[in-house]
2 protein chains.
Amino acid sequence: MNEIERFEAYLRAKHQKMTQPRRIILEAFLSTEGHLTAEAILLEAKKIDPGIGQATVFRTIRLIENAGLAREALQADGARTFEHLADHPHHDHLRCVECGKVIEFLNPSIEREQKKIFTQYSFEPRGHTMELLGLCPECQAKKRGEY
Amino acid sequence: MNEIERFEAYLRAKHQKMTQPRRIILEAFLSTEGHLTAEAILLEAKKIDPGIGQATVFRTIRLIENAGLAREALQADGARTFEHLADHPHHDHLRCVECGKVIEFLNPSIEREQKKIFTQYSFEPRGHTMELLGLCPECQAKKRGEY
DNA sequence: AATGAGAATGATAATCATTATCATAATAAT
DNA sequence: ATTATTATGATAATGATTATCATTCTCATT
Ligand SMILES: [Mn+2]
Ligand SMILES: [Mn+2]
Ligand SMILES: [Zn+2]
Ligand SMILES: [Zn+2]
């Protein structure tokens with residue numbers, strides 16, 4: 001079952017409707033990689049149909065998220081960003097505080113410890129966010145005056 | 001050196017001034033525990049001096065943060081929250097997605113692995129955020145119908 | 001203690017991302 | 001095809017944070 005089909009199944013289960021705008025927004029979103037802002041998704045969707053409204057993008061992103069096809073990536077400054085999960089297993093982020101570069105990684109040992117913490121406090125796991133913040137090698141060089 | 005003195009030293013180093021509002025806001029902030037929103041800090045500060053303006057609270061929080069006396073706690077919904085670091089070593093958070101309850105913890109093994117990741121990618125560490133999200137025991141009980 | 005340049009304050013307006021509203025249009029079950 | 005229901009998009013509203021700016025406060029210097 002592909003992403004579109006999964007989205008349709010989700011909507012059916014919720015007695016909601018699959019529509020042209022929703023299909024277009026999902027396609028636009030899936031067509032890109034990385035962390036997208038609602039505005040970026042709107043721009044991409046408008047390439048397919050210029051009539052798409054941004055309210056619909058906000059609404060549809062939430063649907064896609066609830067359908068389990070996307071997750072919110074830790075928001076940088078102003079706007080929230082989202083990343084889709086197609087062919088993209090769980091990972092966390094290492095971000096450069098200077099240039100914003102993002103490296104995705106997965107550390108099994110950390111994931112294991114996190115599970116232990118849920119167990120220790122009898123919490124039912126629902127997810128986690130983790131972002132490591134640092135200065136990337138390039139920005140370190142710039143700081144040193146190597147232009 | 002206590003918190004107020006550290007704040008004064010920070011301001012002096014930056015050629016900025018210690019003022020009555022700044023002192024009051026810092027005191028109000030320090031007088032509480034937990035994760036405070038700017039508005040909550042304003043309310044606390046107004047108990048000391050009702051004339052304090054909320055713009056000054058926003059400005060002063062940022063100063064306090066840059067002085068290394070506070071950090072932003074992962075924002076829940078709308079408003080950012082801050083927690084002071086006095087007598088409060090580094091920790092991460094386990095939050096209930098239902099009732100918002102927060103448990104603070106520190107896992108040395110995770111901290112160690114995070115350092116390794118910085119090293120692996122040659123990033124100069126600047127910090128990290130981590131929040132585990134789950135359902136607390138009480139909210140699990142409620143979900144089961146035990147009211 | 002008085003001065004004065006620079007910095008800070010607080011009231012208010014401005015931003016900007018996200019939500020709410022609502023009249024109109026699209027969807028899907030019958 | 002009918003129709004009850006839901007979705008859309010334009011627009012206004014919201015709410016947290018920032019910017020503006022005339023007035024007031026600080027503090028190094030006299
Ligand atoms: Mn990612
Ligand atoms: Mn905390
Ligand atoms: Zn960088
Ligand atoms: Zn709970």
Side-chain angles (χ1 to χ4, degrees), chain A residues 4-5 7-29 35-67 70 72-82, chain B residues 4-5 7-29 35-67 70 72-82:
Chain A
I4 301 272
E5 287 167 346
F7 193 42
E8 283 177 300
Y10 172 81
L11 291 173
R12 235 187 333 265
K14 293 264 182 178
H15 303 288
Q16 297 190 301
K17 297 172 180 174
M18 173 52 95
T19 66
Q20 208 51 22
R22 285 177 178 172
R23 206 185 319 267
I24 288 168
I25 289 165
L26 178 55
E27 274 171 18
F29 184 41
H35 302 165
L36 286 235
T37 200
E39 197 189 351
I41 296 169
L42 173 63
L43 285 177
E44 203 61 36
K46 277 186 165 170
K47 290 182 187 168
I48 306 176
D49 176 353
I52 301 284
Q54 73 175 7
T56 304
V57 171
F58 278 108
R59 286 185 287 234
T60 305
I61 288 173
R62 179 165 303 179
L63 285 176
I64 293 173
E65 194 182 9
N66 289 336
E72 188 175 344
L74 219 47
Q75 63 243 61
D77 298 320
R80 294 177 196 157
T81 60
F82 301 86
Chain B
I4 301 275
E5 287 168 346
F7 192 43
E8 285 175 354
Y10 171 83
L11 290 172
R12 233 183 342 262
K14 294 265 183 176
H15 303 289
Q16 297 190 299
K17 296 171 180 175
M18 174 50 94
T19 66
Q20 207 52 23
R22 284 177 178 174
R23 206 184 321 267
I24 288 168
I25 289 165
L26 178 55
E27 275 171 17
F29 183 43
H35 302 165
L36 287 234
T37 199
E39 195 190 352
I41 296 170
L42 174 63
L43 285 176
E44 203 61 36
K46 278 187 165 170
K47 291 182 188 168
I48 306 176
D49 177 354
I52 301 285
Q54 74 175 8
T56 305
V57 171
F58 277 107
R59 286 185 287 235
T60 304
I61 288 173
R62 179 168 301 183
L63 284 175
I64 293 172
E65 193 182 10
N66 290 335
E72 189 175 345
L74 219 48
Q75 61 244 60
D77 298 318
R80 294 176 195 158
T81 60
F82 300 86

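Given the structure is predicted, the values throughout are model-derived calculations rather than measurements. In what follows, chains are A, B, ... by sequence order, proteins preceding strands, each numbered from 1.
- Between the CZ atom of B/R23 and the C1' atom of C/dT9 there is a distance of 15 Å, given to the nearest Å.
- Atom CG of B/L26 is separated from atom CD1 of B/I41 by 10.0 Å, given to the nearest 0.5 angstrom.
- Shortest non-hydrogen contact noted between B/F7 and B/T60 is CZ-CG2, 4.4 Å.
- When side chains are defined from C-beta on, A/L11 does not count as touching A/E8, because their heavy atoms never get closer than 4.5 Å.
- If you check every strand for non-hydrogen atoms under 4.0 Å, B/E39 touches nothing.
- Residue B/R59 has no polar side-chain atom (N or O) positioned under 4.0 Å from OP1 or OP2 of D/dT17.
- The side chain of B/A38 approaches D/dT17 more closely than any other nucleotide in the set D/dT6, C/dA5, D/dT17.
- With rounding to whole Å, A/M18 atom CE is found 18 Å from C/dA29 atom C1'.
- Between A/L36 atom CG and C/dT18 atom P the separation is 13 Å, expressed in whole Å.
- A/F58 places its CZ atom 4 Å from the P atom of C/dT18, with the value rounded to the nearest Å.
- In this structure the side chain of B/I4 reaches within 4.5 angstrom of the side chain of B/R23, judged on heavy atoms.
- When rounded to the nearest whole Å, the span between CG of A/L63 and P of D/dT6 equals 14 Å.
- Put simply, A/Q16 has a side-chain N or O that comes within less than 4.0 Å of OP1 or OP2 on D/dA7.
- Between A/R80 and C/dT19, a side-chain N or O to OP1/OP2 separation shorter than 4.0 Å is present.
- Between A/R62 and A/E65 there is no salt bridge, since none of the side-chain N atoms of the basic residue sits less than 4.0 Å from a carboxylate O of the acidic one.
- In this structure, CG of B/L11 is placed 15 Å from C1' of D/dC25, rounded to the nearest angstrom.
- With D/dA7, C/dT18, C/dG10 as the candidates, the nucleotide lying closest to the side chain of A/Q54 is C/dT18.
- No more than 12 heavy atoms of other residues, nucleotides or ligands sit less than 6.0 Å from atom CD of B/E39.
- Closest to the side chain of A/T56, from the set C/dT9, D/dT8, D/dT26, is D/dT8.
- We find that NZ of B/K14 is positioned 18 Å from P of D/dC27, with the value rounded to whole Å.
- Nearest to the side chain of A/A79, among D/dT26, C/dA17, C/dA28, sits C/dA17.
- Of the two residues near DNA chain C, B/G51 and B/K17, the one whose nearest nucleotide lies more 5' is B/K17.
- For B/R62, taking side-chain heavy atoms from C-beta onward, the closest of the listed nucleotides C/dG10, D/dT6, D/dT18 is D/dT18.
- Residue B/P21 places its side chain closer to C/dG10 than to any other of D/dG9, D/dC27, C/dG10.
- When rounded to the nearest whole Å, the span between CZ of B/R12 and C1' of D/dT26 equals 13 Å.
- Both A/T19 and B/A55 lie near DNA chain D, and the one whose nearest nucleotide falls closer to the 5' end is A/T19.
- At a threshold of 4.0 angstrom between heavy atoms, the contacts of A/R22 are confined to the sugar-phosphate backbone, with no base atom among them.
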